[in-house]
Amino acid sequence: MLAGMGTVFVFLTLLVFATSGMSALVRRFEPVADPESAGVSEEEVAAITAAIALHRTRHRKKHSG
Amino acid sequence: MLAGMGTVFVFLTLLVFATSGMSALVRRFEPVADPESAGVSEEEVAAITAAIALHRTRHRKKHSG
Amino acid sequence: MLAGMGTVFVFLTLLVFATSGMSALVRRFEPVADPESAGVSEEEVAAITAAIALHRTRHRKKHSG
Amino acid sequence: MELIREIWQGSGLYQLTPGQAVMIGVGLLLLYLAIVKKFEPLLLVTIGFGGILSNIPGVEIATGDGLLHLVYMVGIETGAFPLIIFMGVGAMTDFGPLLANPKTLFLGAAAQFGIFATLLGALGLTAAGVFDFSVREAAAIGIIGGADGPTAIYVAGLLAPDLLGAIAVAAYSYMALVPLIQPPIMKLLTTESERRIEMIQLREVSRTERILFPLLLLLLVALLLPSAAPLLGMFCFGNLMKECGVVDRLSDTTQNALINVVTIFLGLAVGSKLSAEQFLQSSTLGILLLGMVAFAIGTASGVLMAKLMNRLSATPINPLIGAAGVSAVPMAARVANRVGLEANPHNYLLMHAMGPNVAGVIGSAVAAGIMIMFTS
Amino acid sequence: MELIREIWQGSGLYQLTPGQAVMIGVGLLLLYLAIVKKFEPLLLVTIGFGGILSNIPGVEIATGDGLLHLVYMVGIETGAFPLIIFMGVGAMTDFGPLLANPKTLFLGAAAQFGIFATLLGALGLTAAGVFDFSVREAAAIGIIGGADGPTAIYVAGLLAPDLLGAIAVAAYSYMALVPLIQPPIMKLLTTESERRIEMIQLREVSRTERILFPLLLLLLVALLLPSAAPLLGMFCFGNLMKECGVVDRLSDTTQNALINVVTIFLGLAVGSKLSAEQFLQSSTLGILLLGMVAFAIGTASGVLMAKLMNRLSATPINPLIGAAGVSAVPMAARVANRVGLEANPHNYLLMHAMGPNVAGVIGSAVAAGIMIMFTS
Amino acid sequence: MELIREIWQGSGLYQLTPGQAVMIGVGLLLLYLAIVKKFEPLLLVTIGFGGILSNIPGVEIATGDGLLHLVYMVGIETGAFPLIIFMGVGAMTDFGPLLANPKTLFLGAAAQFGIFATLLGALGLTAAGVFDFSVREAAAIGIIGGADGPTAIYVAGLLAPDLLGAIAVAAYSYMALVPLIQPPIMKLLTTESERRIEMIQLREVSRTERILFPLLLLLLVALLLPSAAPLLGMFCFGNLMKECGVVDRLSDTTQNALINVVTIFLGLAVGSKLSAEQFLQSSTLGILLLGMVAFAIGTASGVLMAKLMNRLSATPINPLIGAAGVSAVPMAARVANRVGLEANPHNYLLMHAMGPNVAGVIGSAVAAGIMIMFTS
Ligand code: NA
Ligand code: NA
Ligand code: NA
């Protein structure tokens with residue numbers, strides 16, 4: 001059991017270091033913010049989703065059997 | 001053939017009784033109406049309108065292969 | 001290789017003739033435009049569909065695991 | 001020169017048998033009926049195309065390691081595809097009208113008379129030397145009268161795989177022909193005044209009743225007729241997913257992506273059984289004929305049962321809705337509605353006919369279970 | 001007379017064993033919990049229904065050539081279904097909170113203590129003669145403490161297929177019971193002032209970090225713990241599809257149609273293992289008990305680890321988020337949030353708890369890999 | 001101590017061969033090209049990830065009973081996945097521009113010259129001792145010049161399964177490189193004034209023509225070249241579902257959920273063939289080189305054919321659209337459009353180039369059928 005828990009901890013500790021290192025590197029060499037947070041309003045998102053849903057439902061027909 | 005039709009009738013007769021009994025029980029112990037029939041909110045109407053507008057400017061993507 | 005390319009060309013040449021012939025026949029015997037634009041207005045259909053789509057999306061839940 | 005000969009001998013034109021040419025024509029005919037006449041297009045487009053593919057000479061697609069043959073083995077020989085489609089149909093079925101008026105289950109029972117009459121007829125004609133059907137084949141043919149595609153394919157796959165192509169084609173064709181086959185029979189067996197009967201409006205059905213019904217049906221099947229449990233079990237499962245309200249995402253996928261994918265491959269796989277050797281048999285003619293008879297008898301017995309119930313019942317029952325008991329959802333219910341409107345322009349029977357209509361699905365699945373129990 | 005006897009002897013009522021009746025009751029109970037109590041409905045509706053189907057006597061559906069048995073063999077014996085579900089879960093997982101605070105991975109590690117403690121407990125109770133579990137069975141039971149359905153099913157399918165039904169039912173039931181099981185443990189192990197701790201807001205995480213993380217995790221798994229590679233590989237693949245932004249159509253289908261279809265068949269197939277002979281064993285009781293213990297220990301060790309980290313760390317850590325380390329995404333994170341709000345009405349822990357929550361998924365997959373490596 | 005050694009020896013780092021390390025790098029490179037450079041991401045993300053998974057040492061995922069190996073056997077060895085993708089591509093294809101100008105089929109034919117030239121080249125280089133390809137392998141390599149992923153995978157799966165990974169990677173990489181590979185060749189072979197040629201607007205194509213075309217194509221294939229029938233049959237089936245207008249729900253699912261699911265598993269399964277032993281061979285270098293040559297020759301012969309047709313035809317034909325005959329839909333058509341715009345800013349060739357573009361799909365499927373007929 002100790003070996004098991006130990007391996008879990010070792011693995012996740014390595015993952016913590018690897019992740020932190022990766023993030024540090026990324027933030028160093030790519031310090032610019034993502035343009036994702038630009039103002040897409042929730043309403044727009046909702047409307048787009050509805051449009052897609054609409055497109056799908058529009059082609060739906062009943063299945064008879 | 002008689003046995004076959006007989007079995008179909010016996011089965012469905014039992015189902016009629018079971019269903020009627022079940023419905024009677026349900027209606028006795030749960031006489032309240034479902035609250036499903038609420039109105040359409042203004043937000044929904046807005047979303048639908050937006051969806052229609054977007055639908056007209058929508059375009060599909062092609063799958064390359 | 002010659003046989004291969006030859007077969008490709010023969011096949012597609014036949015397809016050119018068959019297609020041209022088919023199109024000629026279709027255009028001769030069915031010169032009228034498609035009557036697709038009859039019936040319910042697009043706006044009506046779109047609105048109804050969007051309403052249904054919205055109704056469904058509202059009931060969707062996340063998948064936990 | 002060698003090469004040209006090799007190409008020519010590899011060509012379909014060189015290898016084509018007259019039977020294959022005929023079957024390609026049959027495939028094109030099914031496509032015509034599906035696309036131009038709009039006869040059950042979901043199945044007849046796929047079956048028709050599969051039929052053409054399976055009659056292309058010199059290519060393994062419907063045989064050996066070919067895709068359609070693999071799909072047939074994986075999806076139909078195991079019964080998986082019809083069961084999955086039945087699950088999808090369950091997820092699309094509204095039992096409300098049936099729950100509001102459970103007596104309509106009797107109409108769904110009566111309309112199955114066509115199945116058993118046809119079974120008997122097929123055995124009789126075999127005894128008379130006209131056809132040569134085994135009991136299992138006769139049972140599979142009778143099920144055509146159930147007017148239910150997946151049930152017919154499921155039973156045929158189990159009891160008479162050699163006849164599967166013809167049975168499926170007959171079942172879907174007659175389902176498509178409901179608007180032509182049923183009205184004359186309905187008018188013959190009812191009086192003008194019967195067709196004018198207006199029915200009282202159906203009561204509201206609560207969500208609890210809708211949730212409990214598929215479970216009730218499942219338990220009854222489990223206890224009384226386990227051989228119908230695969231078909232009705234999957235049907236009830238689909239319906240429970242729809243009605244329980246907590247697994248909408250599963251229900252949505254079942255009604256859309258899943259049933260569509262399975263329909264495509266089911267159709268192609270059924271089409272792969274339309275090979276010339278299997279289809280161009282006198283038995284196919286017999287199947288088409290007997291299927292039509294089964295269908296007509298089912299319609300008639302549904303109408304007659306509704307007439308009887310109308311006499312015995314306190315509330316009026318329009319005999320036309322009995323015809324919807326053959327299932328062929330929702331076409332048969334629409335036909336009942338239309339014929340009713342012809343007699344009485346204020347008489348909307350559609351919702352009343354949906355009860356027997358879905359009852360017919362249950363009825364033919366029960367009949368299928370009985371067939372399977374007795375013959376296997 | 002003959003016929004009626006035949007029908008009667010073919011009926012389920014005649015063949016029903018008491019065990020089957022009990023199991024049908026268990027299936028109905030699972031449906032009740034899923035539909036009325038909304039306990040993990042996606043899985044408990046499908047498992048419950050599959051359980052009923054598999055206990056219908058006299059019908060091959062969960063055995064032999066029956067559909068559910070085929071689905072079990074194709075989907076679970078090969079490990080395909082849990083892996084595909086894990087891919088879908090990956091495509092639904094947001095590693096943002098974890099990336100903003102990677103230390104929370106320790107909480108996901110600590111909460112796996114329940115898994116190993118239970119493994120030891122099961123072996124100890126076997127040595128003491130209370131139960132009779134092999135090492136592989138004990139390992140599969142321990143994984144229940146991982147609070148991760150697909151992982152539990154994957155491991156049980158590999159190590160202890162006979163216990164799969166009970167293990168899956170235990171895993172999903174306890175995941176559903178998180179709001180009941182966890183709060184008392186959380187409150188017992190924390191002081192009021194600890195529960196009030198507010199955490200500093202998480203930083204924004206860039207798209208590049210999100211894309212690189214699943215690759216980093218995959219490579220670490222590949223290099224250090226290949227036995228966890230199937231599970232975590234598919235998980236990372238799903239997450240990469242979601243985050244990379246160039247295959248949205250694949251990611252969408254993975255999160256919807258694909259995971260839904262697989263969930264339906266996974267649930268039915270797991271349900272097919274709820275046969276009376278397999279489920280009505282004293283071992284099932286042991287599994288339920290040990291699973292509960294595993295769950296409680298995991299919760300406790302997560303909370304204790306968070307307390308320890310709070311002492312050692314410069315930035316404050318609310319110990320409640322440690323409980324989310326068992327995974328049970330996103331329920332456990334919501335529970336941490338709710339208990340936090342009770343102590344401090346301005347304390348929204350949800351996003352902070354999502355870090356340990358997804359870390360717990362990784363942690364239990366790692367633990368699963370270790371179990372598989374040591375026992376197979 | 002024992003345990004730590006066991007864990008270390010079970011780790012990937014201990015077992016990793018240099019070849020596997022290289023192949024993990026290749027997988028990461030493919031992911032980079034897909035995600036950052038947006039090279040055919042749908043396939044290169046999935047193939048790249050599958051490639052990494054298949055090179056993790058000490059774990060059965062791409063071999064034995066592993067998921068990817070099972071998927072490979074079920075989906076690629078049977079030919080099912082490429083055929084289903086082809087059905088989906090058919091359901092996404094608009095034959096309108098081709099029907100408006102059927103002569104463009106000649107361009108789709110000419111561009112297949114690259115396939116046969118490469119076949120001959122591969123055999124020549126084998127005779128010269130440079131490479132060591134069998135006739136079947138040479139044929140499978142030639143198909144890369146068809147610039148059609150599913151066709152290449154289908155043919156490679158049938159004729160040269162050992163080379164499948166390399167062939168698929170080459171095919172999709174070169175399709176992605178169309179914007180780099182084609183323009184220089186196009187400019188080299190055309191004069192400025194030829195590139196400026198404006199074409200007359202395409203006529204409207206009726207729905208009936210669109211419905212009849214896939215059937216016509218199917219029948220021609222059936223009668224003349226049955227070995228191309230599986231590929232073109234499924235392609236025509238998909239297109240018929242799209243155009244017939246009565247099975248839109250099937251067509252939608254084919255274009256979305258179905259093709260997406262199959263793409264995911266096709267990509268992973270192809271990736272599972274990127275094992276170090278199979279990929280790190282001199283033959284892979286040969287495949288990449290020859291594939292590039294095939295691609296370039298196809299582009300050139302398409303352009304030259306268009307020049308010839310422009311001389312012979314009454315209506316003007318811009319030779320640039322000939323390059324679109326290699327298929328690589330719709331990238332090659334866009335490239336033709338872009339190069340045309342450079343020469344003449346009012347010259348929109350996109351719709352004109354779509355004709356040869358889809359003709360190229362037919363052309364390479366026909367060429368594939370010929371290869372299969374002659375070599376198997
Ligand atoms: Na019926
Ligand atoms: Na966990
Ligand atoms: Na091509």
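Below, all heavy atoms of this structure are taken into account, side chains as well, without hydrogens, waters or symmetry copies.
Heavy-atom neighbours of F/E204 CD from other residues, nucleotides or ligands within 6.0 Å: at or below the threshold of 12.
Residues of residues 22-30 of chain D that come closer than 4.5 Å to chain F, counting heavy atoms only, are D/I24, D/L28, ordered by residue number. Residues of residues 45-54 of chain D lying under 4.5 angstrom from chain F, judged on non-hydrogen atoms, are D/V45, D/T46, D/F49, D/I52, D/L53 by number.
Contact count against chain D (heavy-atom pairs under 4.5 Å) is highest for F/L258 among F/L258, F/T78, F/I372, F/L219. Each of F/L225, F/I84, F/L218 has some count of heavy-atom pairs under 4.5 Å with chain D, and the biggest count is that of F/L218. When the candidates F/I211, F/I370, F/L223, F/V261 are compared by the number of heavy-atom contacts under 4.5 Å with chain D, F/L223 comes out ahead. Highest contact tally toward chain D, considering only F/V221, F/L215, F/L224, is held by F/L224 [criterion: heavy-atom pairs under 4.5 Å].
Considering every non-hydrogen atom in both D/A257 and F/T253, the closest pair reads O-CG2, 3.7 Å. In plain terms, the two heavy atoms of D/P41 and F/V247 that are nearest each other are O-CG1, 3.5 Å.
Taking 4.5 Å as the limit, some side-chain heavy atom of D/L268 sits within range of a side-chain heavy atom of F/M234. Side chains of F/V246 and D/F39 form no contact here, defined as non-hydrogen atoms less than 4.5 Å apart. The shortest side-chain heavy-atom distance between F/R249 and D/T263 does not fall under the 4.5 Å cut-off.
In this structure, the portions of D/I35 lying under 4.5 Å from any heavy atom of chain F include both its backbone and its side chain. Using a 4.5 Å cut-off between heavy atoms, F/A222 contacts chain D through both its backbone and its side chain. Residue F/L250 touches chain D through both its backbone and its side chain, counting heavy-atom pairs closer than 4.5 Å.
Every residue meeting the side chain to side chain contact (heavy atoms under 4.5 Å, CB included) condition with F/P214, not counting sequence neighbours, appears here in chain and number order: F/C236, F/N239, F/L240. Scanning for salt bridge (charged side-chain N to carboxylate O under 4.0 Å, His left out) contacts around F/R136 gives an empty result, with sequence neighbours left out.
Going from atom CG of D/N260 over to atom OG1 of F/T254 covers 8.0 Å, rounded to the nearest 0.5 Å.
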